[in-house]
Novice: 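Below you'll find the structure I mean.
Worth knowing before you read on, the calculation uses all heavy atoms, side chains too, and leaves out hydrogens, waters and symmetry mates. Just so it is clear: chains get the letters A, B, ... in the order the sequence lines come, proteins before strands, and each one is counted from 1.
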Amino acid sequence: MSELKHGAVAVVGGGIGGIQATLDLADSGFYVYLIEEGPAIGGRMAQLDKTFPTNDCAMCMLSPKLVEVGRHPNVQIITLASVEALEGQPGNFRITLRQRPRYVDITRCIACGRCIASCVYQDAKFPSEFDVGLGKRKPIYIPFPQAVPLAAVVDPQTCIFFKSGRCPQNCLQACERGALDFTQTERLFSLDVGAVILAPGFEPYDARLVGEYGFGRYANVLTAPQFERLLSASGPTMGKVLRPSDGKAPKKVAFIHCVGSRDLRHQSYCSAVCCMYATKEAIVAKEHDHAIEPTIFYIDLRAYGKGFESLVKRAREEHGVRYVRSMISQIIEIPETKNLLIRYRDDSGSVREEEFDLVVLAVGMRPSTKGQELARKLSIELNQHSFAQTSVFSPVMSTREGVFVTGAFTGPKDIPETVIQASAAAAAVAALLAPARGTRTQAKQYPEELVPDGSPRIGVFVCHCGSNIAGVVDVKAVAEYAKTLPGVVHAENVLYTCSQDNLKHMKDVIREKKLNRVVVASCTPRNLAALFQDTIREAGLNKFLFEMVNIREQCSWVHSDQPERATEKAKSLVRMGVAKARELKPLSVQSVRVAPAALVLGGGLSGMVAALTLADSGFETHLVEKSSELWRDLQELVCIPEGEDVQGLRAKLLRTVRTHPQIRVHTNTTVKEISGFVGNFSSVLRGPQGEERIQHGVVIVATEAYEHKPNEYLYGADARVLTQRELGRALTEGPRVRAKTIVMIQCVERNEKRPYCSRICCAEAIKNALALLQQDPNRQIYVLYREMISYSFLEDLYRRARDSGVIFIHHDEQSLPVVRKENEQIVVTVRDTRLRQEVLIKPDLVVLSTGVVPDPYNEELSRLLKVPLDAQGFFVEAHIKLRPVDCTSHGIFLCGGSHAPGTIPELIAKAQAAAGRAAIILSKGQLEAGGIVASVDQEKCTACLTCLRECPFGAVFINEQGLAEIEAVKCQGCGICAADCPAKAIQLGQFEDIQELRMLEELFHPERMSAV
Amino acid sequence: MTNSEPKIVAFCCHYCAFAAADLAGVLRLKYPPNVHIIRLPCTGKLDTLYILKAFEAGADGVIVAGCLEGGCHFISGNLRAKKRVLAVKGLLARIGIAPERLEFFNLSSAQGDRFAQIAREMTERIKSLSSSVLTPLPEGKG
Amino acid sequence: MEAPLARSLEFLKQVEAHSSEPVRRCYQCDRCATGCPMVPYMQHAPNELFRLIQLGAKETVLSSNAFWFCVSCYTCSVRCPNDIDITHVMDTLRELSLREGFPPALPQARDFHELFLDCVRRSGRVSELELMARYNLKRRKPFSRLALGWELLRKGRLELWPRRVISLHEIFAPFVSSPSEGRKVEGRKGGRSQ
Amino acid sequence: MRFYPGCTLSSSAKPYKRSIDWVWKRLGIEMEELPGWTCCGATSAHALSRDLAYALPARNLALAQELGDELIVACSACYSRLKIAQKALENLQIRGRVTRVLGQSLEGHVQIKNILEVLSGHVPRIQKEKTRALEGLKIACYYGCLATRIPRVKGFDDREHPTMMERLVSATGATALDWPAKTSCCGASFSVIHEELALKMCSQILEMARRCGADVIVTSCPFCQYNLDWAQWTLSRQDGQKPKIPVLFITQLVGLALGGSEKDLMLNSHLISTEKITCRAQTAEGAL
Ligand SMILES: Cc1cc2nc3c(=O)[nH]c(=O)nc-3n(C[C@H](O)[C@H](O)[C@H](O)COP(=O)(O)OP(=O)(O)OC[C@H]3O[C@@H](n4cnc5c(N)ncnc54)[C@H](O)[C@@H]3O)c2cc1C
Ligand SMILES: Cc1cc2nc3c(=O)[nH]c(=O)nc-3n(C[C@H](O)[C@H](O)[C@H](O)COP(=O)(O)OP(=O)(O)OC[C@H]3O[C@@H](n4cnc5c(N)ncnc54)[C@H](O)[C@@H]3O)c2cc1C
Ligand code: SF4
Ligand code: SF4
Ligand code: SF4
Ligand code: SF4
Ligand code: SF4
Ligand code: SF4
Ligand code: SF4
Ligand code: SF4
């Protein structure tokens, strides 16, 4: 193998998985080609309305990421592209792409939509992919309002020009930017990359194949992805829940689970997300329209992830969502009303018929066809369900070296799991390509910053945006008016401010006229502010001496019916912008050196994986374990999926960790003290050799979770009652288990105090049961459960257990099993919900699945690290969806059982992800601090500690003088402290009080214009 | 005021309400031009002083719009802001300004439609109040 | 009802052996019950029978009326996510129940089927007229459906003289005996113990 | 092509047989009756004896296998039993047991086809050669439960939403309704042993057809035809009022379109009068 390694990476698939992997890699010194089949990135998440378990807006979370990828200097997005071939070896691949023409030059298109409005098709006629067929689009369209790249695209399948060659091409004429180019052709080209990450995601199961539910025939039967669009405020009905048949608001809405999943006629595995998204959709529907009465029909309610259980509880208790444990055989459409008749069984066992106004099918996830094609082209193997083949111990590695896989392509999973895997894949790539880090990225060079001297010299650029602004607002008048404002030394109209020639012109004007502030009145700052800031920086100005006024989205586009008033408003907005600009100050950004080492707390599986990933990426890592041995826990863990050799893995992992030159293992050691902040922590370790102080840039918490020790069911009182782990130990080391009849009880002592699902015990019970039957197939094993949590491919294992004769009996949360002793015979009774009757079992052995509790030691750790625990004692992540392994405090990362319980592959991915996230910081060498951050005026601070209390990020500390001070590196710039400070001692850069107040004054009293 | 439309200031969080206002534009929704948006990094930055200043300077109404509950980019800024708005409402009542002139809204960045609706509703609401910002003190109302 | 005691898997194995269907695989989703048109008349919905079979409650299962009320519409079978041919299991249970001497919940159904098969045995095909006549006699209601019979006859929809194709005695011999010879399995074999 | 008529086609389903013969002749389709065929065992063999339920169809399959590879079946129950047995015989154990009884090898493969499959191959001709336009006639196609629901066997049409008959109906110019009860069970196996339940099941189907505005129901199954016909006849003797929907065999409808007479197609043999259709067909003749 050649030694050459490329510092560039190809990420295939622009869903949330691909996006996260891209950002992680681009932030840690690699150049990324993000290859997307469709016309825009965003994937399925972009189509969602809200997301469980927090039910926050999908687009609010995703859109900033889209923008970030879109303008990242180390990322090139290649849309409408597919992979043709991959040659070479890890570190040195050549990837060949085929890119379909867009017929629109994205560097020119400004997404004004004029082409669309003037297309010969007066009405949108073709089903919109984004709205899953519920909405319509034209042959030329913008995929969705927040799309990145934000540009029109022509669909040659429906465009008349391509179909018949005879179209007046109104679109072409309408475009003022000359962005349309019907001569574009398909392009075949190759790129050199060191590694490849595949994230082609999933497809919803085709509900048409489940004929008994009438999807495609019954107007009011929708799929869940369609319902997401119906709920979305930017969807086809603007977020109103309306029936397709008659546009009326439905009252009774049914959700049917497992459509196409857990079904040998369709897909045998569980799709892992539909239980939760149905609950989410039911709540959101109810929030949209109180009259809606949602009913959910299900088999098992798989609420196994962090925060899931409480969402279901809220749905039940606060929103009145009705849950019915009964599957639906078929739907009948009532001919007159187009209502839908459903037969189900109620709690008493009677079959009932009920009419619903709307039915939503919770369709499962299947591997995308495009993904399967990709796998074929790249010769990577797929598993029996056609998802990417991975192994338990390397959950993000494909069967081809140097090619990694992530997200829903590896199996059904939700967004947090996808994000974790994406970070894990990025970490694995970073480790593989460590020597090439930084070889393909370039730091931009800027001229020395001029120090603004004296009074403001403001330049105002008023954009026409073709006719987008100028068609409504009298931009000339606005520019003329701007010239009259105090401090303005230059004002002009520009046709397209964002065009390359204008940017150059802007720099010239700044230099010529010695401008020291710039105001651009154009479109939203959310998209282009960074571009303009960069431009003025190139001209030697501090990038914070810039203000952007939105006269397009928030003026011309919403007031096109009142052009005069729109012009007036544009003037007011410019006046406010200029007022703020007069008060702008340059803000400095300092570089802070990063201590290039990591501290990993906890030497279990997670800790070891995290340490190895970091060490392989070239960073010194301290692995701290409080007990005498690494990965003790595993000795009790026998049965893991598909019987892989865990002990073998353990031995190998131990060897690698112990001999790795970059890892220092500290056993019998605890942390006594941690101080400092991201990039510069200083900790004292207390070990057998006494105390030692280490410097490190990041912390990874990888502490454990324990099996809960119960008090019920004769545990401790009778030797024939064991926990699953104890059984596991007995199965491997102890004398042969003799019992013939065995009862396993799930969710033991899962109650108000421990209300969450521990995620792993159902699978553990299944595996232990199979192991028991392997020893003696004539055993009788009864598993008493509330919900079988065998999500994703574990469903196959669950079926295998049933096929082997294990009998699973469901009971309600209200009627828990009873275990008692009758003359030395153990007797278990349980009320079988299906029989609606008590069942009696006389076992020789009772095994309790008691679930997982966090390490009590977490509390101390939480105090040391100043990071919060949740009510159950697990660590809280920064954002449950998008930053699942980050802590709210910068520089601290979470993995292992103590963050949330998980199976071995899940925990490995999480450990790699935490390491990858940590490596981003370490790889930088320097951290930028400052800019839009808060600072305390020491003169004014009265040490009331309000800011200390209110800062959500722990950025405030009390200095030697006893006064508040803010750690710029930690401050996120929210301004909460500034608003709360009673002494008005805190100011937030770029949003200082004086700046805000000046804007208010000038909005209403232009005549009072302060003579500054 | 010469203009018949009441003047309204909308303090919008960069991550949600401001983005929603952008979306309203992208969707070409219409709302009265009397609503002027001031962008904040988070409604948590909203100083009660700004609200008072807005009224003092001549605003007829003030909208404060932050993320949905639980959706704040900075964890709790919107909750803080809501508290402050409630407090200021109390204050307004005491100094004789109808507290209805100030309102806190939660919305997501996907709710362009809702933003336009809020702008319209607030305009209507304020029009229906007496034309002067200063209303008689509660006692005077009888 | 007394709590059924979870017993051995013997009965489960017996049903599975006779039907070649994986009764154990059922995960109690209820689809068979919610799709079955006859479930309101059944003492046990198909999945309840399955659970009882899993628990070894042979007596309860074989004396249930459920399989007698099954109309063999195959709705349950084609909708079962675990790919169990439930209808066939219902047939199996009916056969086992008769074989073990449990009184049929719908004796007329048993009679009808026996007479039907007897027709086939003797002549290779079924004559509807003959079958109806013998059935009415057997049910001791010789004149029921007279009006209908007349109407059908009048419209030319009954064949008066059955054609005898072939005797199928050899094929039948191993499986079912003629009603005139008495039931092949008489009385209860092995009593009611489970 | 060998034809397996099944027992009912010579008695209660005579009109089916007649109309098949007429239409086949009209379209020039060659089809010979399977010589020596015997009853498939429906509806009783499977109710009492597992192996008999395989052996009876197997005997016919054995006959067919010697004569050619296609066996056309008209009755849904026969079709279902033959298909089920054929599938079961893939199991070597079952095949062993059945072979022993029959004393015949069952190695060959017979392609069992539903009569609808044959007929639908002639849709373009029906469309072209029809002499009567049945425009405006609203028809509910009723497949019943057995025709499409054969476990683990890919049937001749979509299991939940078959459309073959609809295509035939459209070819005749009549309107095929989309209605939700087309594969519901009519309870035919209970019409003798439990009249009351069978009536109940039929009325639900009839009610749905009525609500969807059906003028006629067409079916391809003798049991379905008889049962729905009989149920309406019986019910009308009880209440005497509900509008009655004639229930035709699909071949009768196709025959009508192709110019068959009432007598050719035995349209006068139904319990519920088919007068309203024959009248219409006559007027349509003039119109065409
Ligand atoms: C109805 C519904 C609701 C849901 N709700 C939630 C929720 O509330 N919370 C939650 O956590 N999860 C939810 N999910 C799950 C969530 O959508 C997925 O976890 C997530 O989208 C997976 O992301 P991904 O990046 O792996 O795949 P995707 O989002 O599928 O993205 C894959 C991307 O790759 C592109 N692509 C595909 N093939 C190729 C190729 N060959 N070359 C180039 N590009 C390619 C696709 O165009 C797409 O852009 C929901 C799912 C559904 C169906
Ligand atoms: C009851 C139970 C059953 C499970 N069954 C399965 C199963 O069948 N299949 C499966 O795939 N997964 C299973 N898991 C989940 C999981 O895969 C394993 O538990 C896995 O070994 C956990 O690895 P870990 O690194 O997260 O935690 P651990 O292996 O527990 O490692 C944590 C380590 O941190 C140390 N530590 C804790 N606090 C500190 C501190 N402050 N300073 C220094 N060191 C500290 C501890 O001593 C420990 O060695 C199960 C988990 C539990 C609890
Ligand atoms: S070429 Fe014609 S059909 Fe195609 S997008 Fe332009 S105007 Fe529309
Ligand atoms: S008219 Fe031109 S600039 Fe506007 S969206 Fe269309 S292609 Fe883009
Ligand atoms: S059990 Fe699995 S497949 Fe079924 S709805 Fe829940 S998550 Fe989806
Ligand atoms: S900068 Fe001007 S031209 Fe460019 S998109 Fe914004 S408004 Fe349009
Ligand atoms: S046993 Fe464990 S995994 Fe299963 S439902 Fe209960 S807590 Fe969840
Ligand atoms: S601005 Fe926000 S993050 Fe920064 S110190 Fe103040 S409260 Fe903390
Ligand atoms: S449909 Fe199948 S899996 Fe579901 S309850 Fe019935 S037998 Fe069991
Ligand atoms: S075949 Fe029998 S058990 Fe199954 S749905 Fe039909 S009547 Fe019910």
Novice: Between CG of C:Leu52 and CD of A:Gln837, what distance do you get to the nearest 0.5 Å?
Specialist: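 If we round to the nearest 0.5 Å, C:Leu52:CG and A:Gln837:CD are 7.0 Å apart.
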Novice: Could you look at A:Asp832 and say if it's the side chain, the backbone, both or neither that has a heavy atom under 4.5 Å from chain C?
Specialist: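 Just its side chain gets close to chain C.
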Novice: Given heavy-atom pairs under 4.5 angstrom as the criterion, report whether the side chain, backbone, both or neither of C:Ser8 touches chain A.
Specialist: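 For C:Ser8, backbone and side chain are both near chain A.
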Novice: Select one option (side chain, backbone, both, neither) describing which atoms of A:Ile328 are under 4.5 Å from chain C's heavy atoms.
Specialist: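 When you check distances to chain C, only backbone atoms of A:Ile328 fall under 4.5 Å.
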Novice: Mark yes when over 12 heavy atoms from residues, nucleotides or ligands other than C:Asn65 sit less than 6.0 Å from its CG; otherwise mark no.
Specialist: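 More than 12 within 6.0 Å, yes.
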Novice: Quick check: closest heavy atoms across A:Gly805 and C:Leu9, and the distance to 0.1 Å?
Specialist: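 It is O-CD1, 4.1 Å.
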Novice: At their closest point, which heavy atom of C:Pro81 faces which heavy atom of A:Asp263, and how far apart are they?
Specialist: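 Closest approach of C:Pro81 to A:Asp263, heavy atoms only: CA-OD1, 3.2 Å.
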Novice: Surrounding CZ of A:Arg738 (heavy atoms of other residues, nucleotides or ligands, distance under 6.0 Å), is the total greater than 12?
Specialist: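 No - once you tally the heavy atoms of other residues, nucleotides and ligands closer than 6.0 Å, there are 12 at most.
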Novice: Need one label for A:Ser804: side chain, backbone, both or neither, based on atoms under 4.5 Å from any heavy atom in chain C.
Specialist: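 The backbone, not the side chain.
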Novice: Taking the side chain as every heavy atom from C-beta outward, state whether C:Arg24 and A:Arg802 have any pair of such atoms under 4.5 Å apart.
Specialist: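 The answer is no; the side chains never approach within 4.5 Å.
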Novice: Is it true that C:Arg31 and A:Glu212 have a side-chain N and a carboxylate O under 4.0 angstrom from each other?
Specialist: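 Salt bridge between C:Arg31 and A:Glu212, a charged N being under 4.0 Å from a carboxylate O: no.
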Novice: Which bit of A:Tyr782 comes within less than 4.5 Å of chain C, counting heavy atoms only: side chain, backbone, both or neither?
Specialist: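 Contact with chain C involves the side chain of A:Tyr782 alone.
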Novice: So which of A:Ala801, A:Ser326, A:Gly349 has the biggest tally of heavy-atom pairs under 4.5 Å with chain C?
Specialist: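 Highest number of heavy-atom pairs under 4.5 Å: A:Ser326.
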Novice: Should C:Asp30 and A:Arg325 count as an ion pair when the cut-off is N to O under 4.0 Å?
Specialist: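 No, C:Asp30 and A:Arg325 are not salt-bridged.
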Novice: Among A:Val351, A:Ile807, A:Val828, who wins on heavy-atom pairs under 4.5 Å with chain C?
Specialist: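 Max contact count across the listed options: A:Ile807.
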Novice: Sort out for me which of A:Asp803, A:Val806, A:Ile841, A:Asp300 touches chain C most, counting heavy-atom pairs under 4.5 Å.
Specialist: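 That would be A:Asp803.
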Novice: Roughly how far apart are C:Cys32 SG and A:Met327 CE, rounded to 0.5 Å?
Specialist: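 Between C:Cys32 SG and A:Met327 CE, I get 12.5 Å after rounding to 0.5 Å.
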Novice: Using a 6.0 Å cut-off, check whether atom CD of A:Gln774 has over 12 heavy atoms from anything other than its own residue.
Specialist: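 Atom CD in A:Gln774 is not crowded, with 12 or fewer foreign heavy atoms closer than 6.0 Å.
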Novice: When rounded to the nearest 0.5 angstrom, what is the spacing between CG in A:Leu835 and CG in C:Asn47?
Specialist: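 These two atoms lie 8.5 Å from each other.
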Novice: What residue, out of C:Glu48, C:Gln28, C:Gln54, C:Arg51, has the most heavy-atom pairs lying under 4.5 Å from chain A?
Specialist: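 Going by pairs under 4.5 Å, I would pick C:Arg51.
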Novice: What is the minimum heavy-atom distance between C:Thr34 and A:Arg343, and which atoms define it?
Specialist: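 So the two residues come closest at O-NE, 3.1 Å.
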Novice: Measuring heavy-atom distances to chain C, does A:Phe297 have an atom under 4.5 Å in its side chain, in its backbone, in both, or in neither?
Specialist: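 Looking at A:Phe297, nothing touches chain C.
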Novice: Which atom names give the shortest non-hydrogen contact between C:Ala33 and A:Arg345, and what distance separates them?
Specialist: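 Looking at all heavy atoms of both residues, the shortest contact is CB-NE, 3.6 Å.
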Novice: Contact part of A:Leu264 toward chain C, heavy-atom cut-off under 4.5 Å: side chain, backbone, both or neither?
Specialist: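 For A:Leu264, heavy atoms of backbone and side chain both lie under 4.5 Å from chain C.
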Novice: How far apart are the closest heavy atoms of C:Val78 and A:Arg265, and which atoms are they?
Specialist: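 Residues C:Val78 and A:Arg265, closest heavy atoms: O-NH1, 2.9 Å.
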Novice: Heavy-atom cut-off 4.5 Å, strictly under: side chain, backbone, both or neither for C:Cys76 against chain A?
Specialist: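 No part of C:Cys76 comes within 4.5 Å of chain A.
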Novice: Between the side chain of C:Tyr27 and the main-chain N/O of A:Arg262, is any donor-acceptor distance below 3.5 Å?
Specialist: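 A pair under 3.5 Å: yes.
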Novice: If I compare all heavy atoms of A:Gln780 with all of C:Arg7, which pair ends up nearest, and what's the gap?
Specialist: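 Minimum heavy-atom separation between A:Gln780 and C:Arg7: NE2-O, 2.6 Å.
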Novice: With only heavy atoms counted, which part of A:Ile809 is less than 4.5 Å from chain C, the side chain, the backbone, both or neither?
Specialist: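 Its backbone and side chain both get close to chain C.
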